[in-house]
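So the structure is just underneath, and the comments pick up after that.
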2 protein chains.
Amino acid sequence: MGASKTNLFTKKQNELAAMAKAIAHPARIAILQELIKTDACICGDLVSDIGLAQPTISQHLKELKLAGIIQGTVEGARVCYCINPKIWQKYRQFFSEFFVAAGDSAKEGCC
Amino acid sequence: MGASKTNLFTKKQNELAAMAKAIAHPARIAILQELIKTDACICGDLVSDIGLAQPTISQHLKELKLAGIIQGTVEGARVCYCINPKIWQKYRQFFSEFFVAAGDSAKEGCC
DNA sequence: ATAATTAATCGTAATATTGCAATAATATAA
DNA sequence: TTATATTATTGCAATATTACGATTAATTAT
C-alpha cells in the first residue's frame, strides 16, 4: 500500500515519527547543520555547499519548512533560511523524552 | 531517482539520517515504546497490541533489528524482542548532540 | 506422526521519496 | 525595457516504503 496507517497510533506517536522523517535524510541533516553553523543562509549557498541540484535542495528546504523546523524570509531575489528556534526546541524535547523513557528498563537488555 | 546520494555526505550525517529513518514510522515508535513498557515482548503480543498484520509487524521488527536498536532471541516457537541498550544509548547521544548544537545560535531566529 | 502455534519470507499492489531537467516566477541590474 | 540572478514549481523516471495475503519454516502439543 505504501501509506502508513496513522489512525492506529496516538497523536504523539505520529508526531514523533513525522519529526524523525523530517531529519531522516542526510541532505536535510546537512542543511540544518549548515544553517546552524552559519546562523542563517541563502538557498544558493546551500546548493553550492551540498552537491545536489538546485531543485533538489529547494525541495528539501520545502519539507523542512513544512515540518516547521526552519523558516525562510524573502530578501530581494534571495531567500534567507534559518532554524525556527521554537520548533527546534520542541524537537529537542520530544526526542529527549523518547530516548530517556528507556533509560531504566533497557539498562540490561533482556534476551 | 529515489535513492539518496550518500556519497555527498559525511559518515556521521548518513548515520544520523539512518537512525532517524529507523524511528520515522509510528509503528516502529509504538513497537519501541511497547518494548520499553513491557521490558521485553513476544512478537505476537505486538501484533495484537498494534493493529497491523503479522507480516507487517515482522517487517518493522526486521528494520529495527537491522538498525541495531532492538534484538530478538528465539524462545521455542516464539521470539522475544527487546531494546539493545548499547545502541539505544548511542541513538540517545547522537540525537542529543545534534539538537544541542543549535542551542546557542538558534536562540533568536534570524529572519 | 499430525495438528496447532508462532514467526519469517515471498510476492505483489499501492503509495511515497529522491533527484533533476525544464520551466516559471520574482527581483535586481544595465 | 531587456537582461541577469535567484528561487520555486512542474513533470517525470528511478527507487524505496508500507501493507498484507499466501506460504514456508520451526517449535510445541496431541
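Each chain gets a letter, A, B and so on, in the order the sequences are listed, and its residues count up from 1.
Among the protein residues, B/Leu52 comes within range of the sugar-phosphate backbone only, with heavy atoms under 4.0 Å from sugar or phosphate atoms but none that close to a base.
With a heavy-atom cut-off of 4.0 Å to chain A, the contacted part of DNA chain C has its first and last nucleotide at C/dA13 to C/dT28.
With sequence neighbours excluded, the residues satisfying side-chain hydrogen bond (donor to acceptor under 3.5 Å, both in side chains) with A/Lys90 are A/Glu15. Contacts of B/Phe95 classified as ring pair (Phe, Tyr, Trp, His ring centres under 6.0 Å), with partners at least two apart in sequence or in another chain: A/Phe95, A/Phe99. Residues meeting the side-chain contact (heavy atoms from CB on, under 4.5 Å) test with A/Asp49, sequence neighbours left out: A/Glu34.
Residues from residues 5-27 of chain B with heavy atoms under 4.0 angstrom of DNA chain D, sorted by number: B/Lys21, B/His25.
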Could you list the donor-acceptor pairs under 3.5 angstrom formed by side chains in residues 6-13 of chain B, with sequence neighbours left out?
| residue | atom | partner | partner atom | Å |
| --- | --- | --- | --- | --- |
| B/Thr10 | OG1 | B/Gln13 | N | 3.0 |
| B/Thr10 | OG1 | B/Gln13 | OE1 | 3.4 |
| B/Gln13 | OE1 | B/Thr10 | N | 3.0 |
| B/Gln13 | NE2 | A/Gln33 | OE1 | 2.7 |

What donor-acceptor contacts under 3.5 angstrom involve side-chain atoms of residues 53-66 of chain A, with partners at least two apart or in another chain?
| residue | atom | partner | partner atom | Å |
| --- | --- | --- | --- | --- |
| A/His60 | ND1 | A/Arg28 | NH1 | 2.9 |
| A/Glu63 | OE1 | A/Arg28 | NH1 | 3.1 |

Considering only distance and modelled atom types, tabulate donor-acceptor pairs under 3.5 Å from the side chains of residues 16-27 of chain A, sequence neighbours left out.
| residue | atom | partner | partner atom | Å |
| --- | --- | --- | --- | --- |
| A/His25 | ND1 | A/Ala27 | N | 3.0 |
| A/His25 | NE2 | B/Ser4 | OG | 3.1 |

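Side-chain contact check for B/Phe98 versus A/Ile29: some heavy-atom pair is nearer than 4.5 Å.
Atom SG of A/Cys43 sits about 8.5 Å away from atom CD1 of A/Ile31, to the nearest 0.5 Å. Atom SG of residue A/Cys82 and atom CG of residue A/Leu32 lie 11.5 Å apart, to the nearest 0.5 angstrom.
At a cut-off of 3.5 Å, with distance as the only test, a side-chain donor of A/Gln93 or A/Glu97 sits close to an acceptor on the other residue.
Comparing B/Ser4 and A/Ser4 by the nucleotide of DNA chain D whose heavy atom lies nearest to each, the residue mapping closer to the 5' end is B/Ser4.
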List the protein contact pattern of nucleotides 2-9 of chain D with one symbol per nucleotide (5' to 3'): B for base contact, S for sugar-phosphate-only contact, - for none; contact means a heavy-atom distance under 4.0 Å. ----SBBB
